[in-house]
Protein chains: 2
Amino acid sequence: MKQAEELEAPSTRERILAAALDLFTEQGFDKTSLREVSERVGVTKAALYYHFRSKEEMLSSLVERAHGIGHHGFDVLPLFNGPIDFAAALGTFSALLDQVLSNRKIFVLMERNRTAIEGLGDHDPAHQEEHRQLERQWAEFVANPKISLRDRVRVSAALGAVMAGAVGTTRGLGTDAPEGLKDELLSVLRDLFGLAQPA
Amino acid sequence: MKQAEELEAPSTRERILAAALDLFTEQGFDKTSLREVSERVGVTKAALYYHFRSKEEMLSSLVERAHGIGHHGFDVLPLFNGPIDFAAALGTFSALLDQVLSNRKIFVLMERNRTAIEGLGDHDPAHQEEHRQLERQWAEFVANPKISLRDRVRVSAALGAVMAGAVGTTRGLGTDAPEGLKDELLSVLRDLFGLAQPA
DNA sequence: GTCTATAACCAGATAGAC
DNA sequence: GTCTATCTGGTTATAGAC
């Protein structure tokens with residue numbers, strides 16, 4: 001995510017990642033061979049192995065960025081252990097929304113390659129641990145009996161709505177950044193959380 | 001979905017599908033080999049080929065049921081070509097919700113194997129055609145300029161909320177049918193659609 | 001830093017006996 | 001309807017030259 005990427009000539013490594021991102025998203029991780037990636041980049045298959053230990057490390061590198069985002073968003077989950085402060089939750093979701101909107105491509109990749117990403121830790125234990133923890137936190141939240149079913153469903157629905165709105169729209173519209181989408185989704189969140197709409 | 005399945009001894013074919021459903025969901029379609037499926041069922045790999053032409057046909061058979069459901073739900077989409085009648089939409093989503101809740105396992109499978117299902121038509125053109133049409137209808141709806149952005153976002157968010165609520169909850173809670181979940185999600189939909197909550 | 005060549009492997013699928 | 005045995009093909013990954 002250094003800004004230099006778009007100014008300098010992109011390094012081979014970056015070009016590989018860009019090609020992999022597109023192919024993994026279009027065809028799926030498992031159905032994309034390294035041969036295809038190398039052909040698109042214009043290097044040989046073996047050259048990929050200079051830059052990445054394995055195919056999984058490519059996926060790993062791509063998903064890494066999104067993990068930081070999820071981390072920030074989900075860090076607050078353990079704090080929810082009773083009636084939810086929806087005004088505060090709106091702030092969290094708003095920040096999450098920003099991140100998702102400005103990293104749409106990666107979130108589409110993740111949405112479409114869930115199983116591949118989950119089974120990723122075999123060669124990358126650190127990554128797996130981070131992922132497992134996120135999953136566990138969410139599972140615990142969803143099943144937490146100290147929180148009313150209503151509140152859990154609302155938060156869960158909010159997450160689904162944000163993802164569907166931000167990611168689902170992207171697929172239909174290509175790579176457009178739809179004007180006003182963020183405001184509409186914030187409005188959705190307020191309705192979901194029982195908060196007043198601003199003038 | 002014949003009721004007999006649970007009363008009679010399940011046929012080999014059904015046992016294969018059940019094992020495949022579990023394995024495909026847990027590990028992903030691509031990472032599950034026919035050897036694993038055959039071992040779990042207690043037959044040999046070759047025996048699978050008596051019941052199914054290919055691995056893809058297994059997935060195809062599993063997803064078939066859900067397609068009918070999506071079909072009914074999305075059939076109404078082309079009718080949306082202006083301001084949306086949210087009271088009517090609530091009925092559609094309510095029916096969809098029923099179907100998703102009573103077929104959770106298959107929807108989890110679909111959520112986690114999107115790319116595999118999309119690339120499925122190579123050996124099954126009829127299936128592909130149905131899928132493509134569903135995708136197209138949705139894409140057209142999402143991008144339809146005759147419908148206000150607000151309304152499109154609301155419908156999109158509603159779909160995401162229903163799926164997240166019904167499917168996401170399932171993974172956390174195993175195969176439980178959470179009491180009251182449906183009512184909570186209907187309530188979410190009413191808020192999303194600007195409809196009054198019933199007494 | 002990129003190539004050629006090849007290793008090593010395992011998947012999906014088929015043929016034909018029983 | 002299920003088995004044994006086998007084929008074919010593409011995949012990831014490595015060794016070592018340039």
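Chain identifiers are assigned alphabetically (A, B, ...) following the order of the sequence lines, protein sequences preceding nucleic acid strands; residue numbering begins at 1 within each chain.
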Practice task
Please state how far atom OH in Y50(B) lies from atom P in dA15(C), giving the value in whole angstrom units.
Solution key: 17 Å
Exercise for the section: Could you check M110(B), K105(B), R112(B) and say which one makes a side chain to side chain contact (heavy atoms under 4.5 Å, CB included) with V108(B)? Expected result: R112(B)
Practice task
Would you indicate, yes or no, if dC3(D) has its OP1 or OP2 atom less than 4.0 angstrom from a side-chain nitrogen or oxygen of T44(B)?
Solution key: yes
Practice task
Look at the side-chain N and O atoms of Y49(A) and state whether any lies under 4.0 Å from the OP1 or OP2 oxygen of dA13(D).
Solution key: yes
Problem - Spacing of F29(B) atom CZ relative to dA11(C) atom C1', expressed in whole Å - result: 12 Å
Handout entry: Parallel, tilted or perpendicular, as decided by the 30° and 60° cut-offs, for the rings of F93(A) and F193(A)
Key = perpendicular
Problem - Test side chain to side chain contact (heavy atoms under 4.5 Å, CB included) applied to F24(A) and D30(A), L62(A), V63(A), the passing residue - result: L62(A)
Problem - Rounded interatomic separation in angstrom, taking CG from L48(B) and C1' from dT4(D) - result: 15 Å
Practice task
Just compare dT4(C), dA15(C), dG1(C) and give me whichever is closest to any side-chain atom of A46(A).
Solution key: dT4(C)
Exercise for the section: Would you kindly give the CD-to-P distance between E39(B) and dC10(C), to the nearest whole Å? Expected result: 13 Å
Taking only N/O atoms, report every protein-nucleotides 9-11 of chain D pair under 3.5 Å with atom names and distance.
none

Fill in the blank from the handout: Rounded to whole Å, the NZ-C1' distance (K31(A) to dG12(C)) equals 13 Å
Problem - Interatomic distance where NE2 belongs to H51(A) and C1' belongs to dT2(C) [whole Å] - result: 8 Å
Exercise for the section: Can you figure out which of dA13(C), dT14(C), dT2(C) approaches the side chain of S54(B) most closely? Expected result: dA13(C)
Exercise for the section: Please check if the side chain of R114(A) supplies one atom and the backbone of E111(A) the other of a donor-acceptor pair under 3.5 Å. Expected result: no
Practice task
In whole angstrom, give the distance that lies between atom CD of E57(A) and atom C1' of dA13(D).
Solution key: 13 Å
Handout entry: Stepwise salt bridge (charged side-chain N to carboxylate O under 4.0 Å, His left out) check, R136(B) with E140(B)
Key = CA-CA 6 Å; R136(B) 223 203 42 214; E140(B) 280 173 8; 3.4 Å; yes
Handout entry: Rounded distance (Å) that lies between atom C1' of dG12(C) and atom CG of D30(B)
Key = 13 Å
Practice task
With side-chain contact (heavy atoms from CB on, under 4.5 Å) as the test, would you mind laying out the steps for F29(A) and L109(A) before giving the verdict?
Solution key: CA-CA 9 Å; F29(A) 175 75; L109(A) 171 77; over 6 Å; no
Exercise for the section: May I ask you to say whether E36(A) pairs ionically with R40(A), meaning some side-chain N is under 4.0 Å from a carboxylate O? Expected result: no
